[in-house]
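Quick notes on the structure that follows.
Ligands are counted one by one from 1 in listed order, and the atoms in each one are counted from 1 as well. Since the model is a prediction, treat every value here as computed from it, not as a measurement. Position 1 is the first residue of the sequence; numbering continues from there.
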Amino acid sequence: MHYLNRTFSDLVHMFSVGKSYEGRPLYVLKLGKRSRPYKKAVWIDCGIHAREWIGPAFCQWFVKEALQTYQTDPDMRKMLTQLYFYIMPVFNVDGYSFSWTNDRFWRKTRSKNTRFHCHGVDANRNWKVKWCDEGASLHPCDDTYCGPFPESEPEVKAVAHFLRKHRKQIKAYLSFHAYAQMLLYPYSYKYATIPNFNCVESAAYNAVNALQSAYGVRYRYGPASSTLYVSSGSSMDWAYKNGIPYAFAFELRDTGHFGFLLPEMLIKPTCTETMLAVKNITLHLLKKCN
Ligand SMILES: [Zn+2]
């Protein structure tokens, strides 16, 4: 990130939105041509869950690909000219580090609890939207622990603050998880149809078809509640409820054969196909949908 920030200073701007529980900077890369004063933006985060390593790999891939193809690919040029991308490669940076050093299957943040010996909160159950209702746990030792209160985690608080501040500008929120091979949109916390269902559904339909065109990998898509499971306090629902009209969560490869331990040789094809879906959604944003 530091290297890109130095080398592509006309297209990349790196900044931090805050600090993690353990004091690591929460870096975001702003990508795009500074071509006009007001531009719409797309937010992308990866690695809310520590063990889902293909997420951060994709975020890095996205940045590399965008910068490498900007000159030659008209679609990419259009995207970076007409939009900004805010990319957070590792949301849960403490948990991610812990999954490398101590526990490969760690999911949560690393905050300490005063009454229990268990560490961490599920950073995707800690948002102020139907907080700690169905699909979240009140017990600090559970993997889906919602935390002592909404935005208790400094990582969630920092990103929520940034998104609130830029809610007018940001038109799409994309969050990258693994694994399931699904493209999910709101709601997570209830079985109901979102107001702009037609636009979101057609964006999802086109995105999964674009993804499949690379290697034939088929993604299921639909509302998170009925396609995956009901969960409350998720970042996607929060983003949608806070006025971001296109909110998606990707569950990348695979469907469970390797699961979180997706082998190295599958990183590149997974990123390549996912890129097609993200480009498709982004270009959809630039068209009018009613
Ligand atoms: Zn996840």
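- When each of Lys19, Arg24, Lys108, Lys112 is paired with Asp94, the salt bridge (Lys or Arg N to Asp or Glu O under 4.0 Å) condition holds for Arg24 and for no other.
- Under 2.8 Å from the Zn ion (ligand 1) lies no N/O/S atom of Glu251, from backbone or side chain alike.
- Take the N/O/S atoms of His49: the one nearest the Zn ion (ligand 1) is ND1.
- Applying the 6.0 Å contact sphere to NE2 of His166 captures more than 12 heavy atoms from other residues, nucleotides or ligands.
- Here the angle centred on the Zn ion (ligand 1), running from OE1 of Glu52 over to ND1 of His177, is 90°, rounded to 10°.
- With hydrogens and angles ignored, the 3.5 Å screen pairs a side-chain donor or acceptor of Asn5 with a backbone N or O of Met14.
- Between Trp238 and Trp127, the ring planes are tilted. Angles from 30° to 60° get that label.
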